[in-house]
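Labels below follow one simple rule: chain letters A, B, ... track the order of the sequence lines, proteins then strands, and each chain is numbered from 1.
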There are 2 protein chains.
Amino acid sequence: MSVQGSHGHSHSKSPQSLRLTKGAKKVLEVLERTDELSSAQDIHSALRSEEDSPPGLTTVYRSLESLVQLGLVQAVDFGDGERRYEMVKPGEHHHHLVCEVCRTSVHLDQCLVQQLEESIQAKYKFEVRGHILEIFGLCEQCQQAMTPAGKK
Amino acid sequence: MSVQGSHGHSHSKSPQSLRLTKGAKKVLEVLERTDELSSAQDIHSALRSEEDSPPGLTTVYRSLESLVQLGLVQAVDFGDGERRYEMVKPGEHHHHLVCEVCRTSVHLDQCLVQQLEESIQAKYKFEVRGHILEIFGLCEQCQQAMTPAGKK
DNA sequence: TGGCAAATGAAAACCGTTTTCACTACTAAA
DNA sequence: TTTAGTAGTGAAAACGGTTTTCATTTGCCA
Ligand SMILES: [Mn+2]
Ligand SMILES: [Mn+2]
Ligand SMILES: [Zn+2]
Ligand SMILES: [Zn+2]
């Protein structure tokens with residue numbers, strides 16, 4: 001994930017607001033019924049294929065920005081150039097185990113970083129504000145599919 | 001960091017080899033005497049300003065690729081679109097505390113993920129192959145520079 | 001020395017994302 | 001209702017880091 005942003009600006013609403021705009025609602029709807037991570041483009045084409053007048057890609061990007069700000073959506077970074085998004089319980093976040101073969105991902109049930117914030121503050125005098133953490137490897141099925149054939 | 005790649009292909013040397021090419025050496029030299037993280041472009045312009053016939057940007061990218069492969073250099077991803085690199089002891093890696101204000105970074109002395117690999121394997125049946133972990137926030141100086149002025 | 005594979009670099013292509021800017025939809029007075 | 005003023009929208013262009021392409025050069029070795 002990337003627990004960045006979400007600076008608690010109550011006011012200072014420089015346009016592209018913190019209100020759920022029409023487009024943003026549609027974007028949220030898509031994420032609501034998707035369990036896999038979706039890129040902006042994924043969301044855009046999903047909308048494209050079901051809405052009569054779907055929001056443009058620009059709006060999707062802008063919507064995602066505010067949804068993330070609002071804490072309703074989490075942005076996830078896998079280090080390939082493409083950001084992905086998923087709905088989360090307001091204000092929460094989590095990290096993933098991503099299978100390098102089948103690309104499916106599992107949520108980690110707890111955040112390793114959060115539970116270290118105090119010790120990091122103590123040890124390094126560093127105030128943690130955000131972090132990225134994603135783990136890559138092989139899911140159970142892909143591990144098995146690997147060994148039989150001997151094709152390490 | 002991004003402890004990806006480094007697939008143990010002994011042979012199968014599809015060009016852009018695992019041998020330290022001339023360009024790669026120059027790139028490594030730059031990283032050798034830099035303690036901050038450097039982007040490909042950083043390295044390129046460094047070379048540009050000191051070499052008589054500096055490698056082109058393409059070569060820098062290619063060199064970094066093989067240096068990472070060789071385990072001599074680590075690629076770090078901050079989630080902004082720009083990959084950064086730094087020299088590491090062969091095969092090692094580490095993560096960072098990155099100050100959002102002054103952009104300096106400190107190395108974490110141990111990898112949180114590595115020491116959890118077994119428990120992840122046990123709990124999720126997931127074989128860890130690589131990971132990304134970077135922590136953002138405020139370094140000591142920037143914390144102090146913040147509070148006095150009251151400018152949260 | 002000739003032959004070849006590897007290395008190199010300039011330029012173009014890529015591709016996700018952001019900016020620009022003209023236009024439309026809201027909303028809240030008047 | 002009309003009328004502003006404001007926020008939202010989208011097409012197209014710009015961006016910026018990275019990758020591809022492809023023609024040329026370099027280094028090796030038979
Ligand atoms: Mn998730
Ligand atoms: Mn470092
Ligand atoms: Zn898998
Ligand atoms: Zn700082």
> Taking the side chain of B/Arg62 as heavy atoms from C-beta outward, which of D/dT18, C/dT20, D/dT21 is closest to it?
Replying inline: D/dT21

> For the pair made of CD in A/Glu51 and P in D/dG10, what is the distance, rounded to whole Å?
Replying inline: 11 Å

>> For A/Pro55, is there any backbone N or O sitting under 3.5 Å from a side-chain donor or acceptor partner on A/Thr59?
In response: no

> In whole angstroms, how far is the P atom of C/dG16 from the CG atom of A/Leu64?
Replying inline: 15 Å

> Does the separation of the ring centres of B/His131 and B/His93 fall below 6.0 angstrom?
Replying inline: yes

>> Please tell me if A/Gln41 has a side-chain N or O lying less than 4.0 Å from either OP1 or OP2 of C/dG16.
In response: yes

> Between D/dT18, C/dA11, D/dT9, which nucleotide gets closest to the side-chain atoms of B/Arg83?
Replying inline: D/dT18

>> Between C1' on D/dG27 and NZ on B/Lys25, what's the gap in Å once rounded to a whole number?
In response: 12 Å

>> Angle between ring planes, B/His94 versus B/His107, binned at 30° and 60°: parallel, tilted or perpendicular?
In response: parallel

> OP1, OP2 of D/dT18 versus side-chain N and O of B/Tyr61: anything below 4.0 Å?
Replying inline: yes

> Picking from C/dG9, C/dT19, C/dT17, which would you name as closest to the side chain of B/Pro55?
Replying inline: C/dG9

> Given side chains that start at C-beta, do those of B/Leu37 and B/Ser105 come closer than 4.5 Å, heavy atoms only?
Replying inline: yes

> In Å and rounded to the nearest 0.5 Å, what is the NZ to CD distance from B/Lys89 to B/Gln74?
Replying inline: 12.5 Å

> Atom CG of B/Leu57 and atom P of D/dG17: how far apart are they, to the nearest Å?
Replying inline: 10 Å

>> How many whole angstroms separate atom CG of A/Asp77 from atom P of C/dG16?
In response: 14 Å

>> Among C/dA10, D/dG8, C/dG16, which nucleotide has an atom closest to any side-chain atom of A/Thr21?
In response: D/dG8

> Rounded to the nearest Å, what distance is computed from the CD atom of residue A/Glu65 to the P atom of nucleotide D/dT9?
Replying inline: 13 Å

> C/dG16 P sits how many Å from A/Ile43 CD1, rounded?
Replying inline: 14 Å

> D/dT18, D/dG10, D/dG27: which one has an atom nearest the side-chain heavy atoms of B/Lys22?
Replying inline: D/dG27

> Side-chain N or O of A/Thr58 less than 4.0 angstrom from OP1 or OP2 on D/dT9?
Replying inline: no

>> From the set D/dT18, C/dT18, D/dT21, return the single nucleotide nearest to any side-chain atom of B/Ala40.
In response: D/dT18

> Between D/dG10 atom P and A/Arg48 atom CZ, what is the distance in whole Å?
Replying inline: 11 Å

